[in-house]
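In what follows, chains carry the letters A, B, and so on, assigned in the order in which the sequence lines appear, proteins first and then strands, with residues in each chain numbered from 1.
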Amino acid sequence: MADAAKVTDQPLLDVPDVVWQRASMKLDGARWAAGKLAVTGRAEITGIVDAVADAGHARARHYAEAAVSETGYGVVEHKVIKNEACSRGVVDLYRDEDFVAPRIDDARKIVELPRPAGVVLALIPVTNPVATVFFKTLLALMTRNAVILCPHPAARKVCAEAAHALADAAHKAGAPENAIQVIEEPTIPLIEKLMADSRVDLIVATGGPSVVRAAYRSGTPALGVGPGNAPVLVDDTCDLKAAARRIVASKSFDNSILCTNESTVLAFAGIADRLLDEMKVAKAHICTPEQTQKLRDLLFTDDGFNTAVIGKDADWIAREAGFSAPGAKILVTPVDLVQPEERLVREKLCPVLAFARVTGIDQGISAARSMMRHTGKGHSAAIHSSDERNIMAFSAAVPALRVAVNAGCSLGASGFETHLGPSMTIGTGFAGGSSIGDNLTPHHFVQFARIAYNKEADVAFGAFEGLDPHDLPRLASIATAQPQLSLLAGGGGADSDAVRRELRKIILEELNAVLAA
Amino acid sequence: MFDYGLFRFADKQELFDKSIRFWNPDKTKFWQGVGVDLVIDRREGYCLYDMSGRRLIDLHLNGGTYNFGHRHPELVDTLKGALDYFDMGNHWFPSVARAALSEELIGTAPGMKYAIFGAGGAEAVEIALKSARYATQRRKIVSIIKGYHGHSGLSVATGDERFTKLFLADRPDEFVQVPFNDIDAMERALAGGDVAALIMETIPATYGFPMPQEGYLNACKALCEKYGTMYIADEVQTGLMRTGEMWGWQTYGVEPDIFVTAKGLGGGIYPISAAVVNEKCGGWLEVDGAAHISTSGGAELGCIVAHKALEMLRRPELVANVHAVTRFFADGMADMMQRHGDIFVGVRQKGVVLGLEFDHPEGAVSVSRALYEHGVWAIFSSLDKRVLQFKPGVLLSADMCQEILDRFDAAMPRARALLHELSKAA
């Protein structure tokens, strides 16, 4: 046979991009779902939210394993904790809050009607994929939004699997079709196109600075958050043993993949050696200057940060750098200079912790400010201290919007070990290029239509108690029918409901008689 | 001035004048008589724009031709891409485009054997009737009173006398008509054992979408089997996911011997139609495959557009949208009927195929006009003017569905006034 078969990578025909077309149809589907969710009652929403949380919780370990296996980042045990905290944990926390029913304020004569965003486009980072899928989905559902999940391409399989499971659970619990959807084949151009689409009401962007900036540039309302780079100040009034233990535990948690993890310890000089000793007890490996140089070279190449180390364990990183640190949970690299040009004081997302000595609170503050000048503005910091003045001074001066006190920063600043909103998404505020300064909570996904009465005392406030805005008695139809009838009757003018109803009846009878003739 | 490069019109009136002079005086004047002065200029998505610039939401869709909306970008890009490589092709030879589309079509309908292409619905019906005649070696064709299958020689003979008498195209000896939903009448028509085919629209469109009664279509099919008659499902308006499944007959659990598809198959941008036949009805393709030929039937450009149309229709996202639109109008129209029950008396619905019944013999003409004045274009049923054909597209968005319903609601007082005038004049 001499078929002139064309050997080429390109098809012979130029055909449309089906991936975009399908994604576009998902937006339409989400709009339908958003419309239905927006008029769903609280009991049903609670049932859906619980079902979704349970579905995520039940397979927390499976997804933790799948996430580590697909991305190579993090620690299964710790991801299990995050997946559980971001499923049932987060739902239980907000269980008593009502994002659905009208809020009646008799004193101010105001009724607030919750108005969900509609369609939420949730960008999922590679570092915390499944926990963020759970978290953003649940926050969206609690507030009656449809969600489209856009995973980072390197975590797309596990995110899609988790999203489908959540969508199934939601649907079985009565959620409208397409309340939860996932982009199975995410690419940067596709995500940018979705973000700019007018069918998206809100983007919730977690990821690198370029993604976050793209979200804000898209023209669609966005909640984007910037990168972290947390300083942790340890003064001479704290419980050093506890501080050391908390820092090592936090720094090793999920191999430092939470953006709230400690970047650099700033220890008062008087307690620095004792702190290092206690950290050793807690299984920190204190690097020699040579080892520190090896880590500097491994983590920061001429091309920038080496992403291969993200979420890897201390043992692996040490071996990769060319030394061994058996049994170490974290690698501590002492540094002399706390300025952005010392690369080790930048964000590292792996269990390598820079360590510097400061003379006191003033130098601690300036060191913290200096390291955050490069990255981390608006994000997190921690302090171990029992002196309120130090805590206040540090918090007032460093450009962080949350300062965890006597707690590990990873789980403290993210709200799991403090009373901040537990969150996978940390608002970095105006300083960090974000419109929100809080930890992301359900409150960010809902706005309110406000019924506001005249202030004057002689204008009475209405009795709204018990009225469901989506299930009102059919008074409306009579009211709207009235002008039509007046049109036929050649002018209305009737001003009582009873007269209107009677008039309507007479005219309808007359009309039907005429039409039947 | 409307300058289209190749030709230009000073204004809309010049267009009307020339249409009356050179094209079709009666049709042009008819629409003016019923208050619809539409000349479609721009078109995009589910919207039409009159030469005046006025926007209209299209719920006419020319029977599903614009199922995906007007000039759907994915279809347009597909056709543009195809034009860089293909043309209509040469019907004599096997072709990659026709083979691929045939396989796709057969894939949607297990039990079918071949797809035979035409350029329009009537041609596909023609092929279907000829195939049935070949398979049975009988001449007689049974169809439904007020059914509609096109305007060519055999197809027009199956239809209403409005379309045959004028042209002396009726053939009462070979073409028998029975009332819809009357299974006894059907049996009487078939019992002679001399009928080649029963052809029926799964839901008769031009008759205003009366719904087949429970079990009616299955009973018709059973009678066909009993008397050796081929069952032809005309799926021109009910196919292509408009009833919630790819083909309307699938929603009723009836398996035809032949089904016919057209209109939306070409996505509203390149005409193509097909008769899809089972092994028995396709027998002639093994004996003399050139016994029916068509230069523009199955043109390769059309095949490529149709291929894309079928791919789009099978996407779960699209199927979900059809279901959402279906539910929206089921709920929405029930609500409208409750509020405007004095004139709006019934809804016939299967998927996104809807017929809305108004309480006057010409009711839908007035309602169509009132909707037109309120920015919605939906046409009355030619053969039952009580009924408004209301045909949302499969890709309609939630926002636009709500807009349609709001406009419908706003148009009802005007419809009421027009109906009132009509009744007074009578």
Do [X] and [Y] make a side-chain contact, defined as non-hydrogen atoms from C-beta onward lying under 4.5 Å apart?
{"X": "A/D28", "Y": "B/E317", "answer": "no"}
{"X": "A/K36", "Y": "B/R327", "answer": "yes"}
{"X": "B/E74", "Y": "A/V18", "answer": "yes"}

Whether over 12 other heavy atoms sit under 6.0 Å from [X] [atom1]:
{"X": "B/Q402", "atom1": "CD", "result": "yes"}
{"X": "A/R115", "atom1": "CZ", "result": "no"}
{"X": "A/Q447", "atom1": "CD", "result": "no"}

Residue part contacting chain A, namely of B/K80, when any heavy atom lies under 4.5 Å: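 No part of B/K80 comes within 4.5 Å of chain A.
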Proximity breakdown for B/E311 and chain A, heavy-atom pairs closer than 4.5 Å: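 It is the side chain, since no backbone atom gets that close.
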message: Given heavy-atom pairs under 4.5 angstrom as the criterion, report whether the side chain, backbone, both or neither of A/E177 touches chain B.
response: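 For A/E177, side-chain heavy atoms alone lie under 4.5 Å from chain B.
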Residue pair [X] / [Y]: nearest heavy atoms and the distance that separates them:
{"X": "A/W32", "Y": "B/C401", "result": "CH2-SG, 3.5 Å"}
{"X": "A/L13", "Y": "B/G81", "result": "CD2-O, 4.0 Å"}
{"X": "A/N178", "Y": "B/A320", "result": "ND2-CB, 3.5 Å"}

- request: Let me see the working for A/Q21 and B/H72 under side-chain contact (heavy atoms from CB on, under 4.5 Å), right down to the final yes or no.
  value: CA-CA 11 Å; A/Q21 296 294 345; B/H72 189 284; 4.0 Å; yes
Could you state the interatomic distance from [atom1] ([X]) to [atom2] ([Y]), rounded to the nearest 0.5 Å?
{"X": "A/D14", "Y": "B/T78", "atom1": "CG", "atom2": "OG1", "value": "9.5 Å"}
{"X": "A/R31", "Y": "B/D399", "atom1": "CZ", "atom2": "CG", "value": "5.0 Å"}
{"X": "A/R22", "Y": "B/L318", "atom1": "CZ", "atom2": "CG", "value": "10.5 Å"}

field: Residue among B/V325, B/L75, B/L395 with most heavy-atom pairs under 4.5 Å to chain A
entry: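 With the most close heavy-atom pairs to chain A, the winner is B/V325.
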